[in-house]
Amino acid sequence: MEAFDKLPGEINHLVSSFSSIPVVGDLMSGVTQYSFWLIVSSIVLLIIMFAFARRAAVVPHGRFANAMEYLVQYLESDIGMGILGKESWRRHMPFLGTLFMFIVVNNVIGIIPGMKPGTGTISTTAALALIAFVYFVWVGVKNHGAFGYLKSLAPKGVAFPLNVLIWIIEVISTLLRPITLAVRLFCNMFAGHIVLGSFALMVSLFAEPLIAQFTAANLMGALPSVAFAAILFVIYAIEIFVGVIQAYVFTVLTAVYIQGAEAKGH
């Protein structure tokens, strides 16, 4: 079909559209489309948080307040107390909650047609991963001291020279954590947007002749676009779910690293 013949070129154009393009200034000192939507997402997040703070009550009223209250309680019980424990979860929950909400809002806004997610570029996910890395290393150093934290990377009770080998592996593993956090989030969001864009292209390519000229033949040729549109709708719902799950996974792993940094040497 003609639509399938045009698809490779359109896919190449779609992939190239995900490159950072400055909307103000240049790539060195300007604002790219990702930076712009990152700023928009941050503003939206602030509006949501201020709106929730104004509606906060012992007994929340309204769907928005109840939904936010449920989310906060879930994060506290599942990630906070579930991973960090009852003694230390309150200290780290503001950081983890902010991390989760920031990633979720960016992921969901990026799914809206015409918008680009801040998490759709590796530089943003790398910055988030670096912040998480600095935070859990700081927790380890604060609890055990710099030398004590480095020493605690090797498990106790392991004889020399095996303990040295394990220590080297643990150091490398710790240094790789921000890389895996950044790549996991970026790849999942980028791949999801490519899939969404591909099905959107199929809808438009099959419907294009019908839009140009309404004939019986073009109407029959446009029928596959209905099927692709239905699939696209399902993928949109899945992508929203994936965006929330990826934020959850990123936050859970950060909480695990924090818990490990606190517990080492105990």
Side-chain angles (χ1 to χ4, degrees), residues 14-25 27 30-53 64 67-68 70-72 74-75 78-79 92-136 177-198 200 232 235-258:
L14 172 67
V15 173
S16 64
S17 70
F18 285 95
S19 301
S20 294
I21 301 170
V23 293
V24 177
L27 284 175
V31 177
T32 67
Q33 77 274 36
Y34 290 107
S35 300
F36 174 77
W37 290 114
L38 185 69
I39 294 169
V40 171
S41 299
S42 300
I43 294 172
V44 170
L45 177 58
L46 287 173
I47 292 172
I48 292 173
M49 290 297 99
F50 279 120
F52 173 59
F64 171 75
M68 290 299 296
Y70 174 80
L71 177 60
V72 170
Y74 180 80
L75 292 175
D78 187 72
I79 297 179
H92 307 297
M93 206 59 224
F95 172 74
L96 293 171
T98 303
L99 194 64
F100 174 81
M101 290 300 299
F102 181 82
I103 297 173
V104 164
V105 171
N106 269 279
N107 289 351
V108 173
I109 284 182
I111 296 171
I112 301 172
M115 299 184 180
K116 300 288 184 182
T119 49
T121 173
I122 189 65
S123 58
T124 300
T125 60
L128 289 168
L130 183 60
I131 291 171
F133 174 76
V134 170
Y135 188 89
F136 75 74
R177 284 173 181 175
I179 298 175
T180 57
L181 283 173
V183 172
R184 180 187 292 106
L185 179 58
F186 166 71
C187 288
N188 277 281
M189 299 315 300
F190 183 79
H193 283 81
I194 292 295
V195 172
L196 283 174
S198 300
L232 180 63
I235 293 176
Y236 258 107
I238 294 173
E239 188 66 10
I240 293 173
F241 178 72
V242 169
V244 176
I245 290 297
Q246 287 304 312
Y248 176 79
V249 170
F250 193 102
T251 309
V252 165
L253 289 175
T254 302
V256 170
Y257 299 153
I258 293 170

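Predicted model only: the values in this text are computed from it and were never measured. Just so you know, residue 1 is the first one in the sequence shown, and it goes up from there.
- The aromatic rings of Phe136 and Phe133 sit perpendicular, their planes meeting at an angle over 60°, well past the 30° parallel limit.
- Separating the CD1 atom in Ile103 from the OG1 atom in Thr124 is a distance of 10.5 Å, to the nearest 0.5 Å.
- Here the shortest heavy-atom pairing between Ala255 and Leu96 reads CB-CD1, 3.9 Å.
- Contact of the Ile48 side chain with the Met68 side chain is registered, since non-hydrogen atoms from C-beta on lie closer than 4.5 Å.
- Nearest heavy-atom pair, Phe186 versus Thr121, reported as atom, atom and distance to 0.1 Å: CD1-C, 3.7 Å.
- Counting heavy atoms from C-beta on, the side chains of Leu71 and Met101 come closer than 4.5 Å.
- Inter-residue side-chain proximity for Met189 and Asn106 is flagged as unmet; no heavy-atom pair is nearer than 4.5 Å.
- In this structure, the side chains of Leu128 and Phe250 come closer than 4.5 Å at one or more pairs of heavy atoms.
- In this structure, the separation between CD1 on Ile131 and OH on Tyr135 is 12.5 Å, given to the nearest 0.5 Å.
- To the nearest 0.5 Å, atoms CG (Leu130) and OG1 (Thr125) are separated by 11.0 Å.
- Across all non-hydrogen atoms, the minimal contact from Pro178 to Ala129 is O-CB, 3.0 Å.
- In plain terms, the two heavy atoms of Ser42 and Phe102 that are nearest each other are OG-CE1, 3.5 Å.
- The shortest heavy-atom contact between Ala247 and Asn107 is N-ND2, 4.4 Å.
- Put simply, the side chain of Phe95 reaches to within 4.5 Å of the side chain of Thr254, judged on heavy atoms.
- Taking CZ from Phe100 and CD1 from Ile79, the interatomic distance works out to 6.5 Å, rounded to the nearest 0.5 Å.
- In this structure the side chain of Val104 never reaches within 4.5 angstrom of the side chain of Tyr248, judged on heavy atoms.
- Nearest heavy-atom pair across Leu185 and Gln246 is CD1-CB, 3.8 Å.
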